Asks: 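Dumping the structure here so I can ask a few things about it.
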Amino acid sequence: MVTKQLGGTADEADLRRADSLGREIFSDVANKWALLIIEALGDRTLRFSVLRDEVEGISHKMLTQNLRMLERNGLVERTVHPVVPPRVEYNLTEPGQALRATIEGLCDWTHQYFGHIEASRHRFDA
């Protein structure tokens with residue numbers, strides 16, 4: 001997969017700089033709901049209500065806000081079908097799929113070290 005970079009300076013992409021666009025993008029996508037939405041969408045196209053059911057515990061408002069943010073960042077595509085009532089579907093774009101691969105790595109890490117982290121928390125809290 002080839003990723004195109006459209007201009008910008010190294011300073012704009014520097015996550016350590018508080019005023020960088022890179023930090024803003026990182027902040028957008030590195031929240032729990034965005035990560036869970038991307039993971040839930042996977043390779044599928046889902047309607048809003050199905051996606052809400054897939055991401056247990058997310059409110060209607062929070063799902064709406066995160067989908068809008070992901071769409072703004074070009075990670076999710078929203079398709080409105082001209083029927084009554086309107087049918088709206090969501091799927092990941094190419095950059096969204098690329099981010100999903102990273103999220104899958106984080107999920108794998110969580111599964112691999114779940115027992116270790118659980119035991120460590122138990123010791124710490126005791």
Side-chain angles (χ1 to χ4, degrees):
M1 177 184 309
V2 177
T3 302
K4 296 179 185 176
Q5 292 191 348
L6 302 174
T9 66
D11 285 346
E12 290 173 321
D14 187 350
L15 298 177
R16 294 170 294 167
R17 289 188 47 167
D19 62 344
S20 73
L21 178 57
R23 169 96 52 105
E24 183 181 328
I25 294 166
F26 188 79
S27 178
D28 279 352
V29 299
N31 78 68
K32 73 175 180 180
W33 295 123
L35 296 174
L36 292 170
I37 291 166
I38 291 168
E39 181 61 22
L41 278 170
D43 292 326
R44 306 177 295 172
T45 297
L46 298 177
R47 294 182 69 171
F48 184 93
S49 58
V50 174
L51 188 52
R52 189 179 61 223
D53 292 343
E54 290 278 323
V55 182
E56 194 172 308
I58 193 168
S59 69
H60 186 285
K61 178 182 176 183
M62 195 55 59
L63 180 56
T64 299
Q65 287 176 349
N66 276 271
L67 284 168
R68 285 182 181 161
M69 175 272 298
L70 291 168
E71 184 181 8
R72 178 177 183 254
N73 283 307
L75 303 174
V76 167
E77 181 177 58
R78 178 179 184 261
T79 304
V80 180
H81 298 277
V83 294
V84 178
R87 190 176 85 229
V88 182
E89 297 176 326
Y90 298 88
N91 64 286
L92 294 177
T93 62
E94 182 181 342
Q97 288 289 349
L99 180 56
R100 180 174 168 248
T102 300
I103 293 168
E104 284 178 350
L106 183 58
C107 291
D108 291 344
W109 173 88
T110 303
H111 289 121
Q112 181 177 352
Y113 291 104
F114 181 84
H116 171 82
I117 294 168
E118 185 180 36
S120 184
R121 286 179 168 195
H122 217 318
R123 284 191 308 274
F124 184 87
D125 293 343

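Note that the coordinates shown come from a computational prediction; the quantities given were computed from them, not determined experimentally.
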Asks: Applying a strict under-4.5 Å side-chain criterion to I, L, V, M, F, W and Y, I'd like to know whether I103 and W109 cluster together.
Replies: yes
Asks: Do the non-hydrogen side-chain atoms of N31 and M69 ever get within less than 4.5 Å of each other?
Replies: yes
Asks: Taking a hydrophobic cluster as the set of Ile, Leu, Val, Met, Phe, Trp and Tyr residues connected by side-chain heavy atoms closer than 4.5 Å, whether directly or through intermediates, do L75 and V88 fall within one such cluster?
Replies: yes
Asks: Report yes if the side chains of M62 and Q65 come closer than 4.5 Å at any heavy-atom pair, otherwise no.
Replies: yes
Asks: Given side chains that start at C-beta, do those of E54 and L41 come closer than 4.5 Å, heavy atoms only?
Replies: no
Asks: Could you report the tightest heavy-atom contact between V55 and I58, atom names first, then the distance?
Replies: O-CG2, 3.0 Å
Asks: Closest approach of R16 and R23, non-hydrogen atoms and distance?
Replies: O-NH2, 2.6 Å
Asks: Using 0.5 Å steps for rounding, measure from the CG atom of L92 to the CG atom of L70.
Replies: 8.5 Å
Asks: So does D19 get a backbone contact from the side chain of E24, meaning a donor-acceptor N/O pair under 3.5 Å?
Replies: no
Asks: Rounded to the nearest 0.5 Å, what's the gap from CG on L35 to CG on L99? Could you check?
Replies: 7.0 Å
Asks: Is it the case that the side chain of T64 and the backbone of H60 share a donor-acceptor pair, with hydrogens and angles ignored and the cut-off at 3.5 Å?
Replies: yes
Asks: Hey, are the side chains of E39 and L36 touching, using non-hydrogen atoms and a 4.5 Å cut-off?
Replies: no
Asks: Let me confirm one number: the CZ-CG distance from R78 to N91, rounded to the nearest 0.5 Å.
Replies: 12.5 Å
Asks: Work out which heavy atom in V29 is nearest to a heavy atom in A34; give both atom names and the distance.
Replies: O-CB, 3.8 Å
Asks: Determine whether more than 12 heavy atoms belonging to other residues, nucleotides or ligands lie under 6.0 Å from atom NE2 of H81.
Replies: yes
Asks: Tell me whether L106 is reachable from F114 by hopping between hydrophobic residues (I, L, V, M, F, W, Y) whose side-chain heavy atoms are closer than 4.5 Å.
Replies: no
Asks: Is the number of heavy atoms from other residues, nucleotides or ligands under 6.0 Å of R68 CZ greater than 12?
Replies: no
Asks: Hey, could you give me the CD1/CD distance between I117 and Q112, rounded to the nearest 0.5 Å?
Replies: 10.0 Å
Asks: V50, F48: one ILVMFWY side-chain cluster at the under-4.5 Å cut-off?
Replies: yes
Asks: What is the distance from atom CG of L63 to atom CG of L51, rounded to the nearest 0.5 Å?
Replies: 5.0 Å
Asks: Say you draw a straight line from CD1 of I38 to CZ of R100; how long is it, rounded to the nearest 0.5 Å?
Replies: 10.0 Å
